[in-house]
Amino acid sequence: MALRKRVVAVVAVAGLSLTACGQSSGGGGDTVELTITQNAIAGGKNAAAAKWLSDWVVPKFEEAQKAKGKDVTVKFVPSGVDDEQYKTKLSLDLKSGKGADVIDIDSIWAGEFAEAGYVKPLSELVGPEAESWDGWSQIPEAVQGMAEFNGKKYALPIGTDGRVLYFNKTLFAKAGLPADWQPKSWQEILDAGTKLKSSGVPVPIQINAGTAMGEATSMQGVLPLLAGAGGEVQKDGKWSGASQPMKDALGLYQKIYGGGLGDPKLQQEAKGRDKSFQQFAEGKIGILLEGDYFWRGVVNPKEGVAKMDDRDQTVGYAMIPAIEPGKGLRGQDFISMSGGALRTVNPNSKHPKEAFELLAFTLSPEALKEETKDGNVRITPRTDVNKEILAGEPLLTFISEKVLPLTAYRPPVAVYPQVSVALQEATAAVVGGTAPDQAAADYQKKLEGIVGGAGNIAS
């Protein structure tokens, strides 16, 4: 569900600010007019979401408000552009007092928007009802954290994902490994890789590295490993430099790629990640660290980009272990990383309380069940909804129940994308033969230049 960043294209942006916040019609009396926007448009980007908002949310919410004796009308304002363009337009609207009353943002933009004053804590905007919303009790604390900045809730989480280890059960059987494999340490992953190699598997372990894989290297590689070694890329406003967890994470890359258990060339190719998908589907990769997108969109037997007809029988999945039991982030045995999206109230809204009611309505069980039907199933932030809609989806149930309660998120600050590139460069150096300690030291030097000096790095 995380919004993927792409290169900005110079195209006209479809009207996010066509309707100013909460405008009421001239002689409308007590009519409350609300607008809601998302980077979705009929016949184009995220078309299913656009249809759900315009055809279901709008009429159902108006109907519910009418039953309460309120005259509320809602207009969906579509957009169908590159994610970076959407972000830029949204920023301009929020800065100039425009934009829809209810807006969607990528969780990674939250801190940046909060620091700029583009979004405000919900309790400030809406009042105590934002904190007492009954949906909070159904959202795991780790997922709630995605919507928080400096200890305050700025939005409601609308979707998330999780990362796991995928493995090929057929290759595992040939290597004498169990079909219900669940490693409890990094050493157990390496041991499985060694057995796979001995049994002739071309690429025993694939963990994304290098700059060609972009953010996939950070989210499906160095960040989960850092968490597994007990570290975080940023904590309490300080960035993590050449720390022991960073050296440990880079050390695992060295053991995999320097030890012949991974394919270093794959990490340098422009389409390396796509190639890794194809190789896994062809039975050439034994273990792969990926998100639930891999299951839903890559090896999906019906619509996948690297279809596996026997996916449900052949592909196993396991939680990502800490370096050793109890040594992960927050003292955990297992870890994960998640992305996600948020929905919030525009601080410029003339009707913040009604806007919050609309926001909360889009995350009611009824609304989420409607949104995820007809093949649009995904992990929602709500455990009550997930239990019902994911009943026939074992992997998504596994992530919802086992992975989300222990996951972590990227720091939602403006400088993170540059930090992410420096992390990718550190993994590329190790895959290319640089010693992990040296790569960690080089990373710290780059980090100092990015985050404003050594004073912003934890010693």
Side-chain angles (χ1 to χ4, degrees), residues 162-210 213 216-231 244-264 266-267 273 276-277 279-280 283-292 294-295 314-329 332-337 395 398-399 402-403 406-408 427 430-431 436:
R163 271 120 199 100
V164 295
L165 291 173
Y166 292 97
F167 59 94
N168 185 306
K169 291 182 187 176
T170 308
L171 300 179
F172 264 50
K174 283 181 190 163
L177 291 160
D180 60 351
W181 183 65
Q182 176 54 72
K184 294 184 174 67
S185 67
W186 290 1
Q187 189 56 50
E188 288 186 14
I189 298 173
L190 295 170
D191 292 346
T194 302
K195 285 187 175 178
L196 289 163
K197 188 179 181 181
S198 299
S199 70
V201 175
V203 184
I205 304 171
Q206 164 58 25
I207 294 182
N208 292 345
M213 301 241 183
T217 287
S218 302
M219 280 298 273
Q220 275 89 245
V222 67
L223 290 180
L225 297 184
L226 188 59
Q244 191 56 48
M246 182 63 72
K247 291 174 185 174
D248 288 338
L250 294 174
L252 184 62
Y253 275 105
Q254 197 270 329
K255 285 172 183 168
I256 292 169
Y257 292 103
L261 298 178
D263 178 1
L266 199 58
Q267 316 314 309
R273 190 172 177 227
S276 74
F277 292 162
Q279 288 187 359
F280 185 94
K284 293 174 184 170
I285 290 177
I287 301 166
L288 174 74
L289 196 163
E290 260 296 339
D292 57 71
F294 179 74
W295 180 269
T314 303
V315 182
Y317 40 85
M319 288 192 286
I320 305 164
I323 183 168
E324 285 174 9
K327 296 283 178 71
L329 187 62
Q332 294 172 186
D333 296 337
F334 301 98
I335 53 83
S336 189
M337 289 297 298
L395 177 270
F398 180 77
I399 288 177
K402 305 268 192 199
V403 174
L406 46 77
T407 197
T427 64
V430 172
V431 170

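Index from 1, following the sequence. Treat the numbers as computed from the prediction; the structure is a model and nothing was measured.
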Evaluate side-chain contact (heavy atoms from CB on, under 4.5 Å) for R273 paired with E290, printing each intermediate quantity in order. CA-CA 10 Å; R273 190 172 177 227; E290 260 296 339; 3.0 Å; yes
Can you tell me how far apart OG1 (T427) and CD (Q254) are? Round to the nearest 0.5 Å. 13.5 Å
Which distance, rounded to the nearest 0.5 Å, do you find between the CG of N208 and the CG of L288? 7.0 Å
CD1/I287 to CD1/I207 distance, rounded to the nearest 0.5 angstrom? 8.5 Å
List the atom of A322, the atom of K327, and the distance in Å for their closest heavy-atom pair. CB-C, 4.1 Å
M337 side, atom CE; L289 side, atom CG - distance, nearest 0.5 Å: 11.0 Å
Chi angles and distances behind the side-chain contact (heavy atoms from CB on, under 4.5 Å) call for V430, Y257: CA-CA 8 Å; V430 172; Y257 292 103; over 6 Å; no
Correct closest heavy-atom pair for L171 and I285 would be CD1-O, 3.6 Å
K184 vs D333, test: side-chain contact (heavy atoms from CB on, under 4.5 Å). Steps then yes/no. CA-CA 7 Å; K184 294 184 174 67; D333 296 337; over 6 Å; no
Mark yes or no for whether Y166, through its side chain, and G291, through its backbone, hold a donor-acceptor pair below 3.5 Å. yes
Examine distances only and state if a side-chain atom of Q332 and a backbone atom of L406 form a donor-acceptor pair shorter than 3.5 Å. yes
Whether F294 and F280 hold their rings parallel, tilted or perpendicular, with breakpoints at 30° and 60°: perpendicular
Kindly give the heavy-atom pair with the smallest separation between E188 and P183, and that separation in Å. OE1-CA, 3.4 Å
Pair I256-V431, side-chain contact (heavy atoms from CB on, under 4.5 Å): steps then yes or no: CA-CA 9 Å; I256 292 169; V431 170; over 6 Å; no
Closest non-hydrogen atom pair between L165 and P321, with its separation: CD1-CD, 3.9 Å
Minimum-distance pair of heavy atoms, taken over all atoms of A229 and D248: CB-CB, 3.9 Å
Look only at the side chain of S336 and the backbone of R163, and say whether a donor-acceptor pair between them is shorter than 3.5 Å. yes
Smallest heavy-atom separation, A175 atom then K195 atom, equals CB-O, 3.7 Å
Looking only at atom types and distance, does a side-chain atom of T217 sit under 3.5 Å from a main-chain N or O of G210, one as donor and one as acceptor? yes
Spell out, as yes or no, whether a donor-acceptor pair under 3.5 Å connects the side chain of Q267 to the backbone of A209. yes
Any chance you could measure L225, atom CG, to I335, atom CD1, to the nearest 0.5 Å? 7.0 Å
Measure from the side-chain N and O atoms of Y317 to the backbone N and O of D292, and report whether any donor-acceptor pair falls under 3.5 Å. no
